[in-house]
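Every chain is numbered from 1 and lettered A, B, ... according to where its sequence line falls, protein lines coming before strand lines.
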Amino acid sequence: MRRSDLVGDATDVAPRLLNALLSVRDADGVLRVGRIVEVEAYRGSHDPASHAYRGLTRRNATMFGPPGSLYVYRSYGVHWCANVVAGVDGTAEAVLLRAVEPVAGVASMRVARAGIARDVDLANGPGKLCAALSITGEDDGTDLCSRRSRIRLLRDGVDAPIRPTVTTRVGITRAVDRPWRFLVPDHPGVSRGRPSTVAR
DNA sequence: CTTTGGATCGTCT
DNA sequence: GACGATCCAAAGG
């Protein structure tokens, strides 16, 4: 995707990332590809639930950089979670990638997620997604718009849904009522979180 | 099916 | 020193 596609408020960029492809190249050249089916918007200084709400820190620095970067953080000391940085340089708009549908490199994902029976369970959560694609803190700051990067955001002709499903966000304790979770409607590969659906 | 608790550690208070 | 933008297994109905 072009960097210009990611300029804007996270709440506007997030639904536009649905059905885009997240592609990760292994050291051996194998590609693992997932279709993005669930995202959440985090709006920096405008959003008490954002890691960036209280300003720039060592951890969240990538979010304050240019759009198109990958912000990776550790969750609960155990898992990795990944965001696409949006907005413009100096703001901290970000889109948390919460679920992808495995599209290619499924065998590699199965190795990375040993013991998972169904393909749909390989990457239907933010921590699972990073595990399935082997995204770690080492990937923080990756430019997703560069041809040279091992992790990229791509379009394959499948457009974002005209009317995504919209709900409140999962797993947060502040700003819990904001309808900033976006899903491909009726897709089986979304995460377990079940907040209330928001009518539009 | 739902609920509960443990893992585990960097970050910020 | 407390707390997570989570996941999973085990226990309970």
* Asked: Any luck finding a side-chain donor-acceptor pair between A/Arg32 and A/Ser134 under 3.5 Å?
  -> yes
* **Close side-chain approach of A/Val190 and A/Asn124, heavy atoms under 4.5 Å** => no
* Structure fact -> Rounded to whole Å, the CZ-C1' distance (A/Arg174 to C/dA2) equals 13 Å
* **Euclidean distance, A/Asp159 CG relative to A/Arg16 CZ, rounded to 0.5 Å** => 12.5 Å
* For atom CD1 of A/Ile172 and atom P of C/dG4, their distance in whole Å -> 11 Å
* **Whole angstrom value for the distance that separates C1' of C/dT6 from CZ of A/Arg113** => 11 Å
* To do: Report yes or no: is the cationic atom of A/Arg59 (NZ for Lys, CZ for Arg) closer than 6.0 Å to the six-membered ring centre of A/Tyr71, at no more than 45° off its axis?
  => no
* Structure fact -> From NE2 of A/His79 across to P of C/dC3 the rounded distance in Å is 20 Å
* Could you check how far CG of A/Leu122 sits from P of C/dC7, rounded to whole Å? => 13 Å
* Counting only heavy atoms not in A/Arg155, do more than 12 fall under 6.0 Å of its CZ? -> yes
* Closest approach of A/Pro67 to A/Gly87 (non-hydrogen atoms, all atoms of both residues) -> CG-O, 3.4 Å
* When every nucleotide of nucleotides 8-13 of chain B is labelled 5' to 3' by its protein contacts under 4.0 Å (heavy atoms), B for base, S for sugar-phosphate only, - for none, what sequence of letters results? -> BB-SSS
* Asked: Which stems, defined as runs of 3 or more consecutive Watson-Crick or G-U wobble pairs with both pairing distances under 3.5 Å, involve DNA chain C?
  -> B:1-7 with C:6-12, B:9-12 with C:1-4
* To do: Nearest whole angstrom, please: distance from the P of C/dT6 to the CD1 of A/Ile116.
  => 17 Å
* OH of A/Tyr73 versus C1' of C/dC3: gap in Å, rounded? -> 14 Å
* Structure fact -> Per salt bridge (charged side-chain N to carboxylate O under 4.0 Å, His left out), A/Glu40 is matched among A/Arg178, A/Arg169, A/Arg98 by A/Arg98
* Asked: Roughly how many Å is it from CG in A/Asn124 to C1' in C/dC8, rounded to a whole number?
  -> 12 Å
* With sequence neighbours excluded, what pairs up with A/Arg148 under the side-chain contact (heavy atoms from CB on, under 4.5 Å) test? -> A/Ser146
* To do: Find which nucleotide of DNA chain C each of A/Gly127 and A/Thr173 is nearest to by heavy atoms, and output the residue with the more 5' nucleotide.
  => A/Thr173
* Asked: So what does A/Leu96 hit on the nucleic acid, given a heavy-atom distance under 4.0 Å: a base, only sugar-phosphate, or nothing?
  -> base
* Tell me yes or no: between the side chains of A/Thr167 and A/Arg181, is some donor less than 3.5 Å from an acceptor? => yes
